[in-house]
Structure formats: C-alpha cells, structure tokens
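What follows is a short report on a single structure.
Residue numbers start at 1 and run along the sequence shown.
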Amino acid sequence: MESTIQNSFDEAKKLYGKHGIDVGSVLERLSRIKISLHCWQGDDVRGFLNKGRELGGGIAVTGSYPGRAGTPDQLRADLDKAFELIPGRHKVNLHAIYADTDERVDLDALAPRHFENWVAWAKAKGYGLDFNPTCFSHEKANDGFTLSHPDAGIRRFWIDHCKASRKIAEYFGRELGQPCVTNLWIPDGYKDTPIDRLSPRVRLMESLDEVFREPIDESYNIDAVESKLFGLGSESYVVGSHEFYMGYALSRGKTICFDSGHFHPTETISNKLSSWLLFGKQLLLHVSRPVRWDSDHVVTMDDELLDIARELVRGELLDKTHIGLDFFDGSINHVAAWVIGTRNTLKALLRAMLEPVDRLKEIELEGDFTSRLALVEEFKSYPFGAVWDYYCWKSGTPVREEWLAEVKRYEREVLFPRTQAKGSVVG
C-alpha cells in the first residue's frame with residue numbers, strides 16, 4: 001500500500017511539475033490551514049449549560065442516530081477521534097452553552113472560569129478555539145428577538161451575554177497564543193411581513209455598538225457578525241440581513257461571516273469573497289451545504305465548495321480568511337460527519353492549489369479564452385487524489401475510506417454503549 005501511494009504521488013508530481021506546480025510547496029501550504037470544527041455537530045446543538053431547555057431560535061436537528069455526546073468529556077473525546085482522522089492541526093468552535101461547569105450560571109454571567117477545562121484540553125492537544133454567543137434556546141429568546149428586542153431589559157440581557165462572550169474569547173486567545181474568532185448570530189425576525197422594518201435594525205445597531213464598545217486586541221479576539229436570509233419563525237423578515245451586516249461591519253471595522261447556507265437557494269457566496277475583501281480586512285466562512293430550505297447539511301465536495309476554494313486560492317485570499325464548518329445532522333454518525341465535512345473542505349482547497357493559477361491568469365489577460373477553458377477543464381481530471389492520499393499518509397491519518405473502519409470501531413466500543421447505558425435511543 002505504501003509503495004503504491006508513493007509511486008502514484010511521484011507520477012502526479014511529474015504531471016503537475018510540467019505546469020510549474022511545486023507539489024511539495026502546495027502540501028506545506030495546505031498543512032498551515034486551520035479548519036474550525038463546530039462542537040454542536042457532536043451533540044445535536046444541545047449544550048451543557050442549564051440542561052433541559054428546548055432547542056429554539058429557528059434551529060432544528062432531525063435524526064436520532066445513537067451515541068451523541070452527553071458530557072463535555074464525551075464531546076472532547078469525540079472531537080479527538082475526529083482530529084485523528086483529519087490531516088493537519090485545526091481548531092474547535094464552541095458555543096456559549098457548552099460551558100464546562102457545575103456552577104448554575106445564566107448566559108449573561110458566563111466568565112472565563114467556566115471554560116477552563118476546554119482551554120486546558122486545547123492547550124494540551126495544540127488546538128485553537130473559536131467562540132459564539134448563544135442567542136437562542138433560552139426563555140428570553142422565545143418570542144424570536146434578542147439584541148433587537150423592543151424590551152430594553154431583554155436587550156440588556158443579550159448585550160451582557162455578548163460582552164461576556166468577547167471576554168471569554170479574549171481569554172482563549174491569550175491562553176492558546178492564537179486569535180479566537182467570535183461570531184455573533186441572532187435569530188431575530190418576523191414570521192410574517194412586518195410594518196416597521198427599520199426600528200428593529202436601529203435597536204440592533206445600537207445593541208451591537210454597546211457589545212463592541214470595549215476594544216479587544218485582535219491578536220486575541222476577532223469579532224465577526226453573521227447574516228441569514230430566513231429561519232424557522234422568521235420567514236418574512238430577518239433583522240440581521242446580509243445588507244445590514246455588510247454596512248455594519250464595514251463602518252465599524254468588523255469581520256463578516258458568510259455562511260454558504262444562508263442565502264437564496266440559487267445564490268452562492270463564492271462570487272462575494274473578492275468583493276468583500278477589497279474593503280474588509282478579514283473574512284469568516286461557515287462552510288455548509290443548503291438543501292432546499294435547510295441550510296446546514298454535511299459538507300460534500302460539490303460545485304460551490306470547489307468554487308469557494310478556487311476563489312480563495314486564485315485571489316490569494318486565504319491569509320485573510322478564517323474557515324469554519326457549520327452543519328448539524330442527527331441522522332448519521334456524529335464523528336463521521338465532522339470527518340467527511342473537514343476532509344472535503346481540505347480536498348477542495350488542495351484541488352484549487354494544484355491548478356496553474358499564474359498561467360491561467362496570463363492567458364486570460366491575453367484574451368485566449370479557449371485555452372483558459374480547456375486547461376481548467378483538463379485539470380479537473382488531474383490526479384489530485386494521489387497527492388491527497390500522500391498527504392494523509394505522511395500526516396499519519398487514514399488514506400481514503402480507511403478512516404470509516406476506525407469510526408465504526410469507535411461507534412461500537414464508545415458511542416453505542418452511551419445509548420445503551422441510558423436505556424433508550426439518543427435523539
């Protein structure tokens with residue numbers, strides 16, 4: 001097997017080398033990319049803070065695959081297993097409801113001490129941490145409004161929670177020596193057509209200004225804001241629209257999050273990346289996969305993922321971009337979902353890096369669109385898979401579908417016994 005991988009890689013290197021592509025440099029570049037794995041895939045967005053609250057805020061998880069994590073230690077073990085099967089060194093994206101504490105504490109009173117176990121684990125493993133305020137699944141969000149709520153007291157609760165989240169993120173960045181990206185998404189909106197679209201946006205703008213009032217060194221914390229087209233309970237109007245956050249982020253010097261599942265069904269984000277990064281200094285991507293109305297399916301290597309990767313590579317935008325995953329599928333093995341989505345994202349980036357970008361730009365400027373099209377299409381069948389197999393092998397991670405056997409073993413020995421211990425199927 002090893003000799004086959006090596007021989008295939010050597011032949012691939014020769015093919016790519018004919019076009020001036022240094023495969024070794026490509027793999028070194030790929031190894032520096034950190035993908036942020038979202039913790040909420042591991043337990044169907046339930047969290048550990050004040051258990052018993054129903055999932056809300058326009059978020060729904062379907063499926064009852066057994067073995068989801070029920071404790072912080074279980075979730076960390078599952079993430080460790082996923083990382084064993086993914087080449088490279090990456091990050092974990094936490095929501096505030098994943099606090100690891102025995103203390104009874106509400107969202108507005110969260111502090112760094114409630115995440116000390118997460119930091120100790122990340123430090124020991126060499127992972128980075130990202131963070132998100134949890135502006136859903138709470139009685140103060142039951143009517144569909146948080147930072148834009150007409151009640152000043154409820155707004156104050158959510159402002160305080162978001163301010164506390166930024167301090168937690170700053171703590172992550174200081175302790176781990178790499179910036180924590182703190183992404184703010186809220187579910188606020190109306191199910192049916194509103195009369196007043198402006199006032200909620202004025203309230204949101206004022207709330208955000210208060211949340212971000214205290215400056216934090218971006219070497220520790222990077223603030224990002226995320227839009228959504230619609231959600232359950234906000235089908236007709238979302239306060240934090242794409243246009244709202246574009247204006248807010250540009251005028252306040254914040255980072256914007258583009259989620260590939262948060263736009264119109266026929267709208268893609270790949271074409272937006274270069275436009276944003278002409279004016280914004282950084283970008284956060286939530287890589288997901290929309291299917292009809294649902295925005296959060298496991299990432300597959302589809303056309304949009306490939307186009308996102310090509311845009312980042314061709315425009316030399318990777319150094320300005322933070323990449324995270326965002327999906328939650330309760331119908332399949334929770335660990336496998338992470339592995340599939342992350343490996344696909346890395347494969348797409350590798351494919352983009354193995355294109356003769358400089359040559360393609362030259363012939364485009366020359367107006368030779370025939371050669372441009374011909375080369376782009378021919379490179380789609382070049383042996384990037386041989387390069388990927390080699391990268392996995394040299395990284396000490398399973399080659400091709402070998403990872404699935406390890407997930408199935410882990411499922412039998414670790415995940416399924418959790419369900420049996422509870423005496424019922426985990427949903």
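Of the charged side-chain nitrogens involved, none lies within less than 4.0 Å of a carboxylate oxygen, so that D358 and K361 do not count as a salt-bridged pair. Using a 4.0 Å cut-off between charged side-chain N and carboxylate O, E2 and K394 make no salt bridge. Between R68 and D78, none of the side-chain N atoms (NZ, or NE/NH1/NH2) sits under 4.0 Å from a carboxylate O, so this pair counts as no salt bridge. Here E355 pairs with R314 in a salt bridge; the nearest charged N to carboxylate O distance falls below 4.0 Å. Comment: K163 does not engage D108 in a salt bridge, judged by the lack of any side-chain N to carboxylate O separation of less than 4.0 angstrom.
For the 3.5 Å distance criterion, the side chains of N93 and N132 qualify, holding a donor opposite an acceptor. A donor and an acceptor atom, one from each side chain of S288 and D259, are nowhere located under 3.5 Å apart. Judged by distance alone, the side chains of Q6 and D10 do bring a donor and an acceptor atom under 3.5 Å apart. Side-chain contact check for S274 and E311: at least one donor-acceptor pair (N or O, by modelled atom type) lies under 3.5 Å. A donor-acceptor pair shorter than 3.5 Å can be found between the side chains of S270 and E304. With 3.5 Å as the limit, one finds a donor-acceptor pair spanning the side chains of T146 and D188.
Summarising the local packing, CZ of R400 is surrounded by 12 or fewer heavy atoms from other residues, nucleotides or ligands at distances under 6.0 Å. Atom NZ of K13 has 12 or fewer neighbouring heavy atoms from other residues, nucleotides or ligands inside a 6.0 Å radius. Open room surrounds CD on E378; 12 or fewer heavy atoms of other groups in view lie less than 6.0 Å from it. Heavy atoms from other residues, nucleotides or ligands lying under 6.0 Å from CG of D368 number more than 12.
No donor-acceptor distance shorter than 3.5 angstrom exists from the side chain of S241 to the backbone of V238, with no hydrogens or angles considered. A donor-acceptor pair under 3.5 Å is formed between the side chain of W118 and the backbone N or O of Y98. Q74 places a side-chain N or O within donor-acceptor distance of the main-chain N or O of G70, the cut-off being under 3.5 Å. A donor-acceptor distance shorter than 3.5 angstrom exists from the side chain of S251 to the backbone of Y248, with no hydrogens or angles considered. Remark: side-chain polar atoms of Y237 are paired, donor with acceptor, to backbone N or O of R197 under 3.5 angstrom. The backbone N or O of G315 lies less than 3.5 Å from no partner atom in the side chain of R310, so there is not a single donor-acceptor pair. Judged by distance alone, with hydrogens and angles left aside, the side-chain atoms of E84 form no donor-acceptor pair with the main-chain N or O of A82 at under 3.5 Å. Put simply, the side chain of D326 never gets that close to the backbone of H286: no donor and acceptor are under 3.5 Å apart. With hydrogens and angles disregarded, no donor-acceptor distance shorter than 3.5 Å links the side chain of Y16 to the backbone of P356.
For H95 and F131, the gap between ring centers reaches or exceeds 6.0 Å.
Proximity of I33 to L318: side-chain heavy atoms (C-beta onward) are separated by under 4.5 Å at one or more points. Annotation: side chain of N221 is not in contact with side chain of D217 (no heavy-atom distance under 4.5 Å). Counting only heavy atoms from C-beta outward, the side chains of Y382 and R351 never approach each other to under 4.5 Å. The closest side-chain heavy-atom distance from R113 to E103 is below 4.5 Å. L312 is listed as a side-chain neighbour of I323, based on a closest heavy-atom distance under 4.5 Å. Side chains of L283 and H322 form no contact here, defined as non-hydrogen atoms less than 4.5 Å apart. A 4.5 Å side-chain heavy-atom check between V239 and L147 finds every atom pair outside the cut-off. Contact annotation: the side chain of L184 approaches that of L208 to within less than 4.5 Å [non-hydrogen atoms, C-beta and beyond].
What you find for L349 and V313 is that their closest heavy atoms are O-CG2, 4.3 Å. Here the closest heavy-atom approach between residue F258 and residue L273 is recorded as CD1-CD2, 3.7 Å. The shortest heavy-atom contact between A122 and L129 is CB-CG, 3.9 Å.
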Test side-chain contact (heavy atoms from CB on, under 4.5 Å) on K380 and E377; report intermediate values, then the result. CA-CA 5 Å; K380 288 179 180 178; E377 292 306 304; 2.9 Å; yes
Evaluate side chain to side chain donor-acceptor pair (under 3.5 Å) for S36 paired with D130, printing each intermediate quantity in order. CA-CA 7 Å; S36 193; D130 293 323; 2.8 Å; yes
Start with the C-alpha distance between F327 and H38, add both sets of side-chain angles, then the distance that settles ring pair (Phe, Tyr, Trp, His ring centres under 6.0 Å), and finish with yes or no. CA-CA 8 Å; F327 49 80; H38 53 311; 4.4 Å; yes
Under the criterion salt bridge (charged side-chain N to carboxylate O under 4.0 Å, His left out), I'd like the reasoning laid out for R289 against D296: C-alpha separation, chi angles, the key distance, then a yes or no. CA-CA 6 Å; R289 177 170 56 102; D296 294 299; over 6 Å; no
Side chain to side chain donor-acceptor pair (under 3.5 Å) between S331 and D329, worked out: CA-CA 6 Å; S331 70; D329 188 343; 2.5 Å; yes
Verdict with reasoning, E170 to R174, per salt bridge (charged side-chain N to carboxylate O under 4.0 Å, His left out): CA-CA 6 Å; E170 181 184 29; R174 285 183 185 275; 3.4 Å; yes
Could you walk me through whether N333 and Y410 satisfy the side chain to side chain donor-acceptor pair (under 3.5 Å) test, starting with their C-alpha distance in whole Å, then the side-chain angles of each, then the deciding distance to 0.1 Å, before giving a yes or no? CA-CA 10 Å; N333 182 292; Y410 187 74; over 6 Å; no
Please evaluate residues R46 and D43 with respect to the criterion salt bridge (charged side-chain N to carboxylate O under 4.0 Å, His left out), reporting the C-alpha separation (whole Å), side-chain torsions for both, the decisive distance (0.1 Å), and the verdict. CA-CA 6 Å; R46 293 172 182 258; D43 77 330; over 6 Å; no
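Ring geometry for F172 against F115 counts as perpendicular: the plane angle is over 60°, on a 0 to 90° scale with 30° as the lower cut. H90 and F83 have parallel rings, their planes meeting at less than 30° on a 0 to 90° scale where 60° marks the start of perpendicular. In this structure, Y65 and H334 have perpendicular ring planes: the angle between them is above 60°, well past the 30° mark. Classified by interplanar angle (parallel below 30°, tilted 30° to 60°, perpendicular above 60°), the ring pair W121/Y127 is perpendicular.
Taking OG1 of T71 as the start and CZ of R76 as the end, the distance is 8.0 Å to the nearest 0.5 Å. Atom CZ of residue R343 and atom CH2 of residue W388 lie 5.5 Å apart, to the nearest 0.5 angstrom. One finds the CD atom of E28 at 10.0 Å from the CG atom of D22 (value rounded to the nearest 0.5 Å). Of the inter-residue distances, the one linking K81 atom NZ with I86 atom CD1 reads 11.5 Å to the nearest 0.5 angstrom.
A cation-pi contact, defined as under 6.0 Å to the ring centre and within 45° of the axis, links K254 to F212. Judged by the 6.0 Å and 45° rule, K347 forms no cation-pi pair with Y391.
Each of W158, F136, Y190 was compared with F145 under the ring pair (Phe, Tyr, Trp, His ring centres under 6.0 Å) criterion, and only Y190 meets it.
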